[in-house]
Amino acid sequence: MNFQTKINVINLSEIKNLKLLKKKEALYIGPWCKKNTDLLNESFQDTINVYSIDIDKHKKDIVFLKKIYSSMLNMIAKNLNTIHNKELSNKSWEILIGRWLSTWIKHVYYRWDYINKIKKKYIIKKLISIKINPNHLIPSNTHEAHHMYRGGDSSSILTFNQIFKYRNKKNIKISFLKNLKNNNNKFSKKYEETFNVKKYTTLSYPRFNMFKNSCKIFLYKSEFNLRLQFKIRKYFKLYSPFFFSSKRLDEKQNNIRDRFNKLFIPHRENNFENFLISILRYNVPKIFLENFNDLNKLYLRSKWPNNPKYIITSYGQYYDELFKFYVSNQINKNTKLCVLQHGYGNMFLGEDFWNAYLDRKISDIYLSWGGVKRKKNISFFYPRISGSEIKNYKFNMKKKILLLTYSFSNALLEPPNGILNGDITNQKNLVSLFSFLNNTNKEIFNKIYIRNQNTNFSSNFSDSLVKHYPLIKFDKNKRFLKIINNYNIFIHIFFGTTFFELMALNKPSIIIYNEDTHLPFDKNFKSHIKKFKKNNILFENQKLAAKFLKKNYFVLENWWNSRKIQKIRKDFCKDYCLYTNKDIEIFKKVFK
């Protein structure tokens, strides 16, 4: 018989004076509750940790979430048309709201499924939390919503509270702590500074049209390097809008949200989709309800190009609400939306569902950095640097070693059945990093600089790093590609965008790999991992990585420029990150 432990669950940021905690009768709901902690000396024994790598469940989650997303999109698009007296297609609405909707559904599902996993292991007697008014957390726009869901304490606490209330009205007592100052209803200064999040929407719009109406290709917020942009403009006789204005949209108070909410008819089933409908009114960004008429009016005043054949963007489709509104109107005029890949991708199970899936879904053409086959992929090339010949690597005694680390958001922001989350990931990465550093000799150590690819406004990772290595040197240059020629070799602890870029640019790289900190890869990417491992590009043992660097650092040219390593590199880049000196020729073939 499986006996379950009875526990009280604490759903808030760390507190130290709770009697139940002292008596060991309560556990924090997850590692993200721990603030200002030294990750190398943190056991997380007072937190619940129910992560597990379950590939079959991971695959089922993807199928389920695709179905939920499609159903919710249909309902919301229909009711937005009704409330705004519009007749926009589902695809038009998806371009407008898809990024918000997808992120929100995942945010809620991670917590829904996390509670399922908790209940399999424990019997929950009481939830201890704080009251948060959901009306205070209605996002102004997609950008604000994204960072609330992926990093904000308040949104996570509120969502857990709502799920427990919805699913366990009789069985679990919810106790809200009084006299506990709640700073979560407002964004902290550090959060606002990190992500530039503001509680209003400012839109940038072209007020002077330098386009010809016959312009066939419109580049907007693309990742193309400047040299290539000039080539494209010269060949296709393109112009760009150099004169932009910005307008701040003040938040409006009206009853449109109440009217919108009444259009939804809840299902009888007590299921996940019905729960989403029950909390939808607190999550639809104001730009799609209260401020939608302002968005429409500003669009009509804007001088966007008329009827281009192609609109090409890399990240305008994420947070630029006015640009999305423009695209959503243009696609009904035989204009094709082309999304250019802007970071690592094309290597995950389930059609890159957690990565580039939505970009492919909303686009007519998805321009891939490499030739790996995926639905809608058009083989393209790495766009940030191109045009000149790639030279063989040359070692330089004056150059240093760059160690690229990642500190991930201390939150539940990945599926609990596919990857470790938050500070558990950061802790594993730190252990790998320190093991590597501790096994380097003094000569190598003195050449190492660290660059932290920070995606986290919690400082646990960086504080723990500095505490244990106070003399470590950091490269804080904001533009990564500007500093790559300062280093002989790059050491990675994560398969991030920088690894792909450096392989494309023929910069010696090794990766210290931990499978648990990555989402599940597909077969093709795993085949490259095997080659990396056999040829000392990838190490699962930090000591062996340090030993390899110590032995080969001063003869890197012999290793990296060898035919075998270069073939492995080129095969990888051909699939995932192709560098080319024939950029304009490839562009012409795709856009004849």
Tell me, with the steps shown, if Lys117 and Asp54 meet salt bridge (Lys or Arg N to Asp or Glu O under 4.0 Å). CA-CA 12 Å; Lys117 294 170 79 69; Asp54 185 339; over 6 Å; no
Take Trp104 and Met72 through the test side chain to side chain contact (heavy atoms under 4.5 Å, CB included) and record every step on the way to the result. CA-CA 11 Å; Trp104 173 57; Met72 291 296 294; 4.2 Å; yes
Evaluate Lys394 against Asn561 for side chain to side chain contact (heavy atoms under 4.5 Å, CB included), listing each step before the verdict. CA-CA 9 Å; Lys394 288 187 178 181; Asn561 290 333; over 6 Å; no
What do the steps show when you test Asp359 against Gln341 for side chain to side chain donor-acceptor pair (under 3.5 Å), and what is the final call? CA-CA 8 Å; Asp359 282 345; Gln341 181 181 340; over 6 Å; no
How far apart are the C-alpha atoms of Asp364 and Lys91, what are their side-chain angles, what is the distance that settles it, and do they pass the salt bridge (Lys or Arg N to Asp or Glu O under 4.0 Å) test? CA-CA 11 Å; Asp364 298 293; Lys91 183 175 180 181; 2.8 Å; yes
Verdict with supporting geometry, Glu501 and Ile484, side chain to side chain contact (heavy atoms under 4.5 Å, CB included): CA-CA 10 Å; Glu501 291 182 297; Ile484 59 174; over 6 Å; no
Evaluation steps, side chain to side chain donor-acceptor pair (under 3.5 Å), between Arg167 and Asn116: CA-CA 11 Å; Arg167 296 175 61 181; Asn116 287 341; 2.4 Å; yes
Please step through ring pair (Phe, Tyr, Trp, His ring centres under 6.0 Å) for the pair Tyr553 and Phe395, ending with a clear verdict. CA-CA 9 Å; Tyr553 179 69; Phe395 180 84; 5.1 Å; yes
Step by step, work out the salt bridge (Lys or Arg N to Asp or Glu O under 4.0 Å) result for Arg227 and Asp583. CA-CA 10 Å; Arg227 180 190 295 179; Asp583 45 17; over 6 Å; no
Stepwise, does the salt bridge (Lys or Arg N to Asp or Glu O under 4.0 Å) test hold for Glu351 with Arg360? CA-CA 9 Å; Glu351 298 181 281; Arg360 285 200 199 90; over 6 Å; no
Pair Asn452-Leu465, side chain to side chain contact (heavy atoms under 4.5 Å, CB included): steps then yes or no: CA-CA 10 Å; Asn452 187 29; Leu465 177 57; 6.0 Å; no
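Tyr576 pairs in a side chain to side chain donor-acceptor pair (under 3.5 Å) with only one of the listed residues (Asn524, Asn346, Asp571), which is Asn524. Exactly one of Leu65, Asp61, Leu519 qualifies for a side chain to side chain contact (heavy atoms under 4.5 Å, CB included) with Phe353. That residue is Leu65.
Of the possible polar contacts, one joining the Lys376 side chain to the Lys361 backbone as a donor-acceptor pair under 3.5 Å is found. Listed for the Gln317 side chain is no donor-acceptor partner under 3.5 Å among the backbone atoms of Val339. Side-chain atoms of Asp575 do not come within 3.5 Å of backbone N or O of Gly370 as any donor-acceptor pair. The backbone N or O of Asn74 lies less than 3.5 Å from no partner atom in the side chain of Asn90, so there is not a single donor-acceptor pair. In terms of modelled atom types and a separation under 3.5 Å, the side chain of Thr103 and the main chain of Arg99 share a donor-acceptor contact.
No hydrogens or angles considered: nothing links the side chains of Gln542 and Asn439 as a donor-acceptor pair under 3.5 Å. With hydrogens and angles left out, the side-chain atoms of Ser71 and Glu273 include a donor and acceptor closer than 3.5 Å. A side-chain N or O of Tyr149 and one of Asn283 form a donor-acceptor pair less than 3.5 Å apart. Using modelled atom types and a 3.5 Å distance limit, the side chains of Asp320 and Tyr220 yield a donor-acceptor pair. Side-chain atoms of Ser156 and Tyr110 form no donor-acceptor pair, as typed in the model, at a separation below 3.5 Å. In summary, the side chains of Asn552 and Trp559 do not present any donor paired with an acceptor at a separation below 3.5 Å, with no hydrogens or angles considered. Under the 3.5 Å distance criterion, with hydrogens and angles disregarded, no donor-acceptor pair is assigned to the side chains of Thr405 and Asn429. Checked by atom type, the side-chain pair Asn506/Tyr579 shows no donor-acceptor distance below 3.5 Å. Defined by atom type and a distance below 3.5 Å, a donor-acceptor pair is present between the side-chain atoms of Gln566 and Arg569.
Inter-residue side-chain proximity for Asp153 and Lys35 is flagged as met; some heavy-atom pair is nearer than 4.5 Å.
The aromatic ring centroids of Tyr114 and Trp32 lie less than 6.0 Å from each other. Taking the six-membered ring wherever Trp is involved, the centroid distance between the rings of Tyr109 and Phe272 falls below 6.0 Å. In this structure, the ring of Tyr318 has its center less than 6.0 angstrom from the ring center of His342. Centroid-to-centroid, the aromatic rings of Tyr382 and Phe500 stay 6.0 Å apart or farther. Aromatic pair Tyr366/Phe380: centroids not less than 6.0 angstrom apart. Between Phe224 and Phe587, the ring center distance clears the sub-6.0 Å criterion. Taking the six-membered ring where the residue is Trp, the centroids of Trp112 and Phe275 are separated by under 6.0 Å. Between Phe532 and Phe499, a ring centre-to-centre spacing shorter than 6.0 Å is recorded.
For Lys400, the NZ atom is densely surrounded, since the number of other residues' heavy atoms within 6.0 Å is greater than 12. No more than 12 heavy-atom neighbours from other residues, nucleotides or ligands sit within 6.0 angstrom of NZ on Lys428. Heavy atoms from other residues, nucleotides or ligands lying under 6.0 Å from CD of Glu443 number 12 at most. Annotation for Lys588: atom NZ counts as buried by contact number, over 12 foreign heavy atoms lying within 6.0 Å. The environment of NZ in Lys336 is sparse: at most 12 heavy-atom neighbours from other residues, nucleotides or ligands sit within 6.0 Å. Atom NZ of Lys473 sits in a crowded spot, with more than 12 heavy atoms from other residues, nucleotides or ligands closer than 6.0 Å. Annotation: Lys59, atom NZ; neighbour count of heavy atoms from other residues, nucleotides and ligands within 6.0 Å does not exceed 12. By the neighbour-count criterion of 12 heavy atoms within 6.0 Å, atom NZ of Lys534 is sparsely surrounded, having that number or fewer from other residues, nucleotides or ligands.
Here the closest non-hydrogen pair linking Ala504 and Cys577 is CB-O, 3.2 Å. The shortest non-hydrogen separation linking Val108 to Ile163 is O-CD1, 4.0 Å. Counting all heavy atoms, side chain and backbone alike, Asp352 lies closest to Arg374 at N-NH1, 3.1 Å. When every heavy atom of Lys324 is checked against every heavy atom of Gly316, the shortest pair comes out as CG-O, 3.9 Å. What you find for Asn49 and Lys121 is that their closest heavy atoms are O-NZ, 4.3 Å.
Contact check on Asp38 versus Lys467 returns a salt bridge, with a Lys/Arg side-chain nitrogen under 4.0 Å from an Asp/Glu carboxylate oxygen.
Phe539 does not carry Lys547 over the face of its six-membered ring by the limits of under 6.0 Å from the centre and within 45° of the normal.
Here Lys570 contributes atom NZ and Arg563 contributes atom CZ; the two are 10.5 Å apart, rounded to the nearest 0.5 Å.
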